[in-house]
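Notes to accompany the following structure.
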Amino acid sequence: KNLGEYDFAEECLIEAVQIRKTLAQGQPHPDYAMALDQLGKLRREVGNYATSLEATSKAAAMLEETHGFESLKCLKVYRNLAEVHQHLKNFNKAEELFLKIRRRLEENTNTENHEYASTLENLANLYEQIGDLRRAEVLLKQFVEVQRQVRGIEHSEYAGALRDLGNFYMRYATDAL
């Protein structure tokens, strides 16, 4: 990765976290949690997974306390947390979180939405990474269908989902030319 302005970005986010913490008087607060999540995402992007895990875990717990696990904001942060676990090769924990998020979305929202589609894609990527290609395939097909329903057949995200499914089949084709 080109770290470019990573150091400056991290300084800005650390300062934002400190300001939000001070404004929240050290108590759980959604703005404080979202600042921590942003710091965690930045650290994940450059491969600092241990510090990403720390910031994202704290953000997830804080949002669960202030908004409840069912809130979309909380579910997004838990999805970020699952991705960190996946990068750390904590596959069981990543799967547990992705499945918990998927269940909550299925129980509490219409599954024809971007959050549900993203969760299916993340779970498919996890299963592909651990070699469970059958489950990955099923989830990628569901991901494509949700993108079709949500975005329509002329949307770039639907085209991207089709590309992802096609690339999956290309990677695992048994009848290569």
Side-chain angles (χ1 to χ4, degrees), residues 1-102 104-105 109 113-130 139-140 143 146-147 150-151 155-161 163-164 167:
K1 277 234 187 251
N2 176 358
L3 297 183
E5 297 295 324
Y6 165 76
D7 291 337
F8 182 67
E10 185 176 38
E11 287 175 23
C12 290
L13 290 172
I14 288 171
E15 187 173 349
V17 166
Q18 290 306 316
I19 291 167
R20 297 292 190 185
K21 182 178 180 179
T22 300
L23 290 172
Q25 299 176 337
Q27 298 300 309
H29 190 278
D31 293 339
Y32 178 24
M34 295 312 293
L36 280 168
D37 183 52
Q38 284 301 118
L39 180 61
K41 283 196 278 190
L42 174 71
R43 289 176 171 168
R44 184 185 73 213
E45 282 297 309
V46 297
N48 292 341
Y49 302 123
T51 58
S52 175
L53 180 64
E54 180 183 344
T56 309
S57 294
K58 190 170 185 177
M62 199 177 298
L63 280 173
E64 187 169 358
E65 184 177 334
T66 60
H67 282 65
F69 183 78
E70 290 77 18
S71 77
L72 283 178
K73 190 179 282 192
C74 187
L75 292 174
K76 286 180 186 181
V77 175
Y78 269 103
R79 194 171 64 227
N80 293 339
L81 182 59
E83 289 176 15
V84 175
H85 279 290
Q86 185 174 349
H87 283 289
L88 287 167
K89 300 193 182 331
N90 298 334
F91 298 128
N92 288 337
K93 185 63 177 177
E95 179 185 33
E96 173 190 325
L97 290 170
F98 284 137
L99 289 173
K100 186 175 179 181
I101 294 162
R102 186 176 83 175
R104 285 292 185 253
L105 287 168
T109 67
N113 63 60
H114 176 72
E115 294 309 318
Y116 187 69
S118 294
T119 301
L120 292 174
E121 180 184 28
N122 290 138
L123 196 51
N125 291 336
L126 172 68
Y127 287 140
E128 182 179 0
Q129 186 177 0
I130 62 175
L139 288 164
L140 280 172
F143 168 62
V146 171
Q147 288 291 42
V150 172
R151 305 292 187 185
H155 196 279
S156 65
E157 289 194 32
Y158 174 67
R163 179 203 61 225
D164 292 346
N167 285 338

Within a strict 4.5 Å, meaning less than it, do heavy atoms of the Tyr49 and His85 side chains meet? no
Counting C-beta onward and ignoring hydrogens, is there a side-chain heavy-atom pair between Leu105 and Leu72 closer than 4.5 Å? yes
Kindly compute the distance separating CG (Leu23) from CD (Gln18), expressed to the nearest 0.5 Å. 11.0 Å
Nearest heavy-atom approach of Val84 to Arg44 is CG2-CD, 3.8 Å
Interatomic distance, OG1@Thr119 vs CG@Leu97, rounded to 0.5 Å, equals 11.0 Å
May I ask you to check whether Tyr6 and Asn48 show a side-chain donor-acceptor distance below 3.5 Å? yes
Over all heavy atoms of both residues, which pair between Leu123 and Arg102 is shortest? Give the atoms and the distance, please. CD2-NH1, 4.0 Å
Can a side-chain donor-acceptor contact be found between Glu95 and Tyr127 if the only test is distance below 3.5 angstrom? yes
Distance alone, cut at 3.5 Å: any donor-acceptor contact between the side chains of Gln38 and Lys41? yes
In this structure, are over 12 heavy atoms from other groups packed under 6.0 Å from Glu54 atom CD? no
Step by step, would you call Met34 with Lys73 a side chain to side chain contact (heavy atoms under 4.5 Å, CB included)? CA-CA 9 Å; Met34 295 312 293; Lys73 190 179 282 192; 3.6 Å; yes
Kindly indicate whether the side chain of Val150, heavy atoms from C-beta on, has any atom under 4.5 Å from the side chain of Tyr158. no
Carboxylate-amine/guanidinium proximity below 4.0 Å for Arg79 and Glu115: yes
Do His67 and Val77 have side chains that approach each other closer than 4.5 Å (heavy atoms only, starting at C-beta)? no
What's the separation between atom CG in Asn125 and atom CD in Glu128, rounded to the nearest 0.5 Å? 6.5 Å
Heavy-atom pair of closest approach, residues Phe143 and Leu120: N-CD1, 3.9 Å
Residue pair Ala94 / Leu126: nearest heavy atoms and the distance that separates them: C-CD2, 4.1 Å
Report yes if some heavy atom in the side chain of Leu53 is under 4.5 Å from a heavy atom in the side chain of Leu81; otherwise report no. yes
Does Glu157 reach the side chain of His114, with side-chain heavy atoms less than 4.5 Å apart? yes
Glu15 atom CD, over 12 foreign heavy atoms within 6.0 Å: no
Show the nearest heavy-atom pair for residues Gln86 and Asn122, with the distance to one decimal. OE1-O, 4.2 Å
Rounded to the nearest 0.5 Å, how far does CG of Leu88 lie from OG of Ser52? 8.0 Å
Least distance between heavy atoms, Ala59 atom then Ala33 atom: CB-O, 3.2 Å
Within the 4.5 Å heavy-atom criterion, are Asp37 and Thr56 side-chain neighbours or not? yes
Approximate separation, where rounding is to 0.5 Å, of Ser71 OG and Arg104 CZ: 11.5 Å
In Å, rounded to the nearest 0.5 Å, how long is the span from CZ of Phe69 to NZ of Lys100? 4.5 Å
Taking the side chain as C-beta and beyond, is there a heavy-atom pair between Lys58 and Tyr32 under 4.5 Å? yes
